[in-house]
Amino acid sequence: MAAPKSLRPNGYPVPQVPKTLSRETAKVTQTPPRSLDEAITDLSKLQLMLAVPTVSDLRMARPLRRAEGELYVAQFVLQSTHRKFNKFLSTPEGKVQLHPCLKLGSAGDEIGSSQEEGSFGCLDDGTPVIYQTNGIARTEEPLLNRSIRCNRTGAPGHYMETKMLVARPHDTTGLPVGLARAKTLKTRKDLEKNLFYSFTSCWQIYACSANVGQLGEDDSGERILVRRSIRDFKQHHFHDFPVAKHLADLLDRENQVLVTEHSFEAERDIDKDLFDYHCYTLRSWQTYECEGKPPESDVGRKLIEAARNGMVSEVKHLVLNCGCHCDTIVSEFGCIGSGKSGIFTRTDCGFAEERTALIAAIQAGWLSVVETILEFVRVGQGSLNVVCHEWNPRGIGGDCLRPCYTALDQAKLYHRADIIPLLEKAGALPHKRCKKSRRENPFDVRARQDRGEHTHYEQSREGRDDRYEDFTFSEWADEAQMDEEMKRAVESLKEELQQYNNLSEAEQTKLFRKLSARWHPDKHPDDKKVMATRVFQWIQHVKDEAWENRAWSA
């Protein structure tokens, strides 16, 4: 056994973790993930000792944002999280219920079983693999599993990363179809040779609290806020559909199943303002035809539509609660000389018009929305002078198109006499006096999406300083709120644990048994049971962490 070199302030050995990790160091320095159910169990323990923000506090303090390199982001709140949560996310039964392309074998199909008709098995090197009925084989390999603390609210949480490798046979000549085709990929070499796409699945799970019974008679007050994202997406082989969109749609479905299962029944007569279970997705990688209906969960497009329709409360909701930035730019396609019908991205007469929420409100003449967005600008949640363009398939501008414009330019073009003074007073400028940012032609973006090419999202983790920007890695109970009596008890326990690394395994076990027996709640009078319970809980977590570190360092 390779014993850790030092003890942390809370008295038990853990490896040191840098704030920013490369993919390689993440593999070798971190404790591999267990399950989301166990992570949430850890969070439930924390709520006895930490000041946990409410759901609304978390939503206000940690707005959803899409970081650099993220293809997909979703955020939602789960209620009654332990109810069948492990079944949903850890067991074959749960995975089958979440995923439309998985099949359960006749004998339960546990991972590694020999059930030929089921989806779950292992590669030749022992890596668990899931075979799908659409001919895909998928592995899930752990990268990172750490306790975290939100930098904005201090809420305790858990962060996990899993590398997903998805393979599909390139040459299907003579192969069977469906699940049988997927199972022709039996070895690591087969998987790497036929790699279809890969990505990193990330989960942030934060403990939340609420008054018991807030949502109804069966409400336990138990909540968690989940932020799910997809990073480092790369398509290795091109088939005839856009994989990134397919992946996001699939995750939307899985999230909706989770939210539905772990929410109160829709038919209950409950004040909907008390809770919010929506999934929000940011997809700045996606563009739209004028006649196309975008996904309802795309908050960027929602913000533009709300501003265009004069919906002040919806604009505020999307910015404050859903994390949609006021400067989000949406490209909408049209065709010069035609109505709004047809596939405009595949014609030389097509154009793409960029607009922000502020520009959309100005074009529609909604003074109330403009005033709302200006308030966001004043507090740093937007800017006045975003330069937008009208594009043709070959570049910026062209016949009948405006190469550059800002919100002030649009206000003057549409003769908004009531809006122009407000913009000028706030510091709005014409495009000629603004700095222009380089952006890719939306026609090129759409063409790549149609081909399923999204390789520009594959970025190295090296040098990325925003990867862990929203939180810091922490140790359980580092910031526990203890009274003076508990502090003295814990300090005394830490002194007894100083010699932990020098003890044999049997002596370590004996030490923890002695401490647990001393602080068992049943051995303390009623007026000391609460404090004894908290100390006993602290000892159990220290024991679990120490034994887990010993197991992974052996």
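For this chain, numbers begin at 1 and follow the sequence in order. Keep in mind that this is a model prediction, so the values were computed, not measured.
Residues satisfying the side-chain contact (heavy atoms from CB on, under 4.5 Å) test with Q97, not counting sequence neighbours, are F88. Listed by chain and number, the residues in a side-chain contact (heavy atoms from CB on, under 4.5 Å) with H99 are C101, L102, Q132, R138, L250, E254 (sequence neighbours excluded). Shown here are the salt bridge (Lys or Arg N to Asp or Glu O under 4.0 Å) partners of R181, two or more places apart in sequence or in another chain: there are none. With sequence neighbours left out, Y197 forms a ring-ring contact (aromatic ring centres under 6.0 Å, His included) with F233. Among residues two or more places apart in sequence or in another chain, the side-chain hydrogen bond (donor to acceptor under 3.5 Å, both in side chains) test is passed with S229 by E70. In this view, S201 and M164, F199, W203, I230 satisfy the side-chain contact (heavy atoms from CB on, under 4.5 Å) rule, not counting sequence neighbours. For E192, there are no salt bridge (Lys or Arg N to Asp or Glu O under 4.0 Å) partners at least two apart in sequence or on another chain. Under the side-chain hydrogen bond (donor to acceptor under 3.5 Å, both in side chains) criterion, N194 pairs with no residue at all, not counting sequence neighbours. Take R439 and apply the salt bridge (Lys or Arg N to Asp or Glu O under 4.0 Å) test, not counting sequence neighbours, and it matches E354. For the salt bridge (Lys or Arg N to Asp or Glu O under 4.0 Å) test, no residue two or more places apart in sequence or in another chain qualifies with E314. Applying the ring-ring contact (aromatic ring centres under 6.0 Å, His included) rule to F376 yields no partners; only residues at least two apart in sequence or on another chain are considered.
Closest heavy-atom contact between L191 and A137: CD1-O, 4.0 Å. Here the closest non-hydrogen pair linking E93 and L104 is CG-CD2, 3.9 Å.
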Report task. Step by step, work out the side-chain contact (heavy atoms from CB on, under 4.5 Å) result for L303 and V319. Result -> CA-CA 8 Å; L303 183 65; V319 174; 4.1 Å; yes
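How far NZ of K193 is from NZ of K189: 7.5 Å, rounded to the nearest 0.5 Å. Rounded to the nearest 0.5 angstrom, L320 CG and Q381 CD are separated by 6.0 Å. Between the CZ atom in R301 and the SG atom in C324 there is a gap of 12.5 Å [rounded to 0.5 Å]. The structure places SG of C208 at 5.0 Å from CG of L225, a figure rounded to the nearest 0.5 Å. Distance check: E161 CD to L144 CG gives 5.0 Å after rounding to the nearest 0.5 Å. Considering OG1 of T139 and CG of L185, their distance stands at 11.0 Å, rounded to 0.5 Å.
The salt bridge (charged side-chain N to carboxylate O under 4.0 Å, His left out) contacts involving residues 122-131 comprise D125-R188, where partners must be two or more places apart or lie in separate chains.
Without hydrogens or angle criteria, T127 side chain to L123 main chain gives no donor-acceptor distance under 3.5 Å. When atom types are taken as modelled, the side chain of T200 and the backbone of D232 share no donor-acceptor pair closer than 3.5 angstrom. Panel note: side chain K183, backbone G118; a donor-acceptor pair is recorded below 3.5 Å.
In this pair, Y159 and F471 present their aromatic rings tilted. The plane angle is within the 30 to 60° band.
Under 3.5 Å, the side chains of D327 and T356 contain no donor-acceptor pair of N or O atoms.
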